[in-house]
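Just so it is clear: chains get the letters A, B, ... in the order the sequence lines come, proteins before strands, and each one is counted from 1. Since the model is a prediction, treat every value here as computed from it, not as a measurement.
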Amino acid sequence: MGPQAVLSHLHRADGSATYAQNGYSIIGSVNGPIEVLRRDELPEEATIEVNIRPAIGVGSPKERHLETLIHNTLRSIILTRSIPRTLLQITLQVRSLPEEDASTGVSTSLTLLPHLLNTALLSLLSASIPLSTIVTSVLLAIPANTSTPVCSPDPKELLRAKPIRSIHVFAFSGDRRLLLNESDGTFSYDEWEEACELAEDVCCKEEGGVGLGEGMEVDGPQDNMESWLRDVVKRKVEQEQRWRTAD
Amino acid sequence: MATTTTTSQPALSFPRPIFAALSPHPFLQAHLTSTPKQPLRANGRTAHEFRSLGVNTGSLTHCNGSAVIRMGNTAVVCGVRAEILSSETGGQEISGQEDEKEDEGDEDDDTGEIESLKLLVPNIELATGSSPQHLPGQAPSAFAQTLVTRLRSLLLSSRIVRLEDLRILYTPPSNPDESHSDEEQRREVKGHWTLYIDTMFLSLDGNAFDAAWLAILAALRDTLLPHAFWDEELETILCSDDPADAHKLRLRGLPVPSTYAVFEGKSEDEEDGGVDWVLSDPDAFEESVCRETVCVVVDRSEGGMEGRLRRIEKCGGGVVDRGVMKTLVERSTQRSGVWEKVLSGS
């Protein structure tokens, strides 16, 4: 089952989105550009602040690590120089985690990271923040008994495929550049390369005409993240514009 | 008038440190582009050159293991302190064969138990006056928290410490009436050693992760745990004070991290993006100008010369693609040879 998304459902925030996939559900909200504290002000670009709230309890060093990763990734796609001396505040609240999340034996911050990134991007789109490109992210796992990577596995699949030899998170920009990669476990360069190529196919839209895209759908049921994202935004825009088309 | 301006006019060129402070990015770019044949960075190294390492172990007397390391101007002290965590549940039983199956055996629940009992506790202290960014007396910064999360997850996922070394076992005396035909002997886990790995930065000049990991590795290799045993009469765990009984940790593998920073050169005309340099082992100045960082962890101890990858972390930009990553893996593999020498020589 593909990811579910709702855009702009929080009315007090400048932009918001809820994203749900495989039992993970995250609410994202973006406020900005707003006034920045003098201490954090950057003369030539916007300050980006990412806050991650876990499902239970208060933030720990694990959340700080995820915040750093998301901050660095978003900084490379947001046109921060076009809104200097302002603040962009991105808050990501984890609403629910799947029950099996803690027992899969792989790092729980890596399984959460792609969902956080996708939520952050949807919220940024909803807040109409100037972006140079989009980012789409995916999780891959390589089980110990086979060498073929499993793409965006849900926690039940991970439990079944246990032990997992290595786990990878990839994020690609709209122009197919590798923006973020976190890989953990034991793997060879060839395995990493194969996983990276698969992730690129899943994240980025197939180059070329519609015919190629159709051919890909026959190959596998995986639909890719970028066309999914375009679809979400298109539906939202159509809904907003329906007063124009109504007769 | 013309004569007055020429006498009072300040020099049109800046001294080096002022140029670096005013415009760091063009400063580094000027260094890298001035000699096209052999581009040198501002610190005099080539793009692929790492800093030399210095390791000194066993300098702290009150720790079970310690190391002071230097990597250029980054200096780190690491101390490993062991404490006993006694099992309150009365000890779980394990079978006698367990330590015979050396490597491949219970790999899976190994990390699980170390993680759930929190037997490895790394901590980082940056606020020692090590750099102007981290003032003493403040709460750990986001950078310090990120660093300690990365170190902890590498400690756990590389499974470098064996659970077996941390277990305190007890063999109950076998009943003489019982004819024990089976050679299998029941042993009970009466407690565990918890390792507190405290790392202090004396001076931070970039590449904190590699430096901290080198200090931790060197300290763990130096760690000596006293022989702990269950005393039946006192019903408690005692340690023998004979140094001959103490044992070292048998570490699994040797994961070596190498950090790179990507310097995105800007060309004069904005059209083509200019040349990008991937700088090995960045110092603090280079870290402040570079946005994209890559960290590759290689373990050569198992997979022969080409080694196995343990971890790749990359974020902040899109310059490093699959082709560049391949060269970085090669550079990291070469670098791990240097670490092996430095660590075994100490």
Mind ranking [options] by heavy-atom pairs under 4.5 Å with chain B and telling me who comes out on top?
{"options": "R177(A), R75(A), E193(A)", "result": "R75(A)"}
{"options": "E200(A), E191(A), H71(A), E67(A)", "result": "E200(A)"}
{"options": "S183(A), S173(A), S76(A)", "result": "S183(A)"}

Contact leader toward chain A among L309(B), V320(B), T149(B), where contacts are heavy-atom pairs under 4.5 Å:
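Ranked by contacts with chain A, first place is L309(B).
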
Is atom [atom1] of [X] surrounded by more than 12 heavy atoms (other residues, nucleotides or ligands) closer than 6.0 Å?
{"X": "M200(B)", "atom1": "CE", "answer": "no"}
{"X": "L22(B)", "atom1": "CG", "answer": "yes"}
{"X": "R53(A)", "atom1": "CZ", "answer": "no"}

Can you tell which part of S60(A) gets under 4.5 Å to a heavy atom of chain B, answering side chain, backbone, both or neither?
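Contact with chain B is through the backbone of S60(A) alone.
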
Which region of V297(B), side chain (C-beta onward) or backbone (N, CA, C, O), has a non-hydrogen atom less than 4.5 Å from a non-hydrogen atom of chain A, or is it both or neither?
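Contact with chain A involves no heavy atom of V297(B) at all.
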
Atom pair [atom1] ([X]) and [atom2] ([Y]), whose distance is rounded to the nearest 0.5 Å:
{"X": "L147(B)", "Y": "R64(A)", "atom1": "CG", "atom2": "CZ", "result": "15.0 Å"}
{"X": "R311(B)", "Y": "N181(A)", "atom1": "CZ", "atom2": "CG", "result": "11.0 Å"}
{"X": "F172(A)", "Y": "D321(B)", "atom1": "CZ", "atom2": "CG", "result": "10.0 Å"}
{"X": "L74(A)", "Y": "C315(B)", "atom1": "CG", "atom2": "SG", "result": "10.5 Å"}
{"X": "S109(A)", "Y": "R150(B)", "atom1": "OG", "atom2": "CZ", "result": "12.0 Å"}
{"X": "H65(A)", "Y": "E313(B)", "atom1": "NE2", "atom2": "CD", "result": "5.5 Å"}

Who pairs with V121(B) by side-chain contact (heavy atoms from CB on, under 4.5 Å), at least two apart in sequence or on another chain?
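Residues passing side-chain contact (heavy atoms from CB on, under 4.5 Å) with V121(B): T194(B), Y196(B).
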
Identify the two heavy atoms, one from [X] and one from [Y], that lie closest to each other, and give their separation to 0.1 Å.
{"X": "V148(B)", "Y": "P61(A)", "result": "CG1-CB, 4.5 Å"}
{"X": "R308(B)", "Y": "S188(A)", "result": "NH1-CB, 3.6 Å"}
{"X": "Y189(A)", "Y": "V329(B)", "result": "CD1-CG2, 3.9 Å"}
{"X": "S157(B)", "Y": "D184(A)", "result": "OG-OD1, 3.0 Å"}

Side chains of R310(B) and T186(A): any donor to acceptor distance under 3.5 Å?
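Short answer, yes.
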
Show which side-chain atoms of residues 27-36 of chain A pair as donor or acceptor with protein atoms under 3.5 Å away, not counting sequence neighbours.
{"residue": "N31(A)", "atom": "OD1", "partner": "D14(A)", "partner atom": "N", "Å": "3.3"}

Under 4.0 Å between a side-chain nitrogen and a carboxylate oxygen: does that hold for E45(A) and R291(B)?
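Salt bridge: yes.
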
Check against side chain to side chain contact (heavy atoms under 4.5 Å, CB included), R322(B) and E197(A):
CA-CA 9 Å; R322(B) 285 193 282 275; E197(A) 274 166 16; 3.5 Å; yes

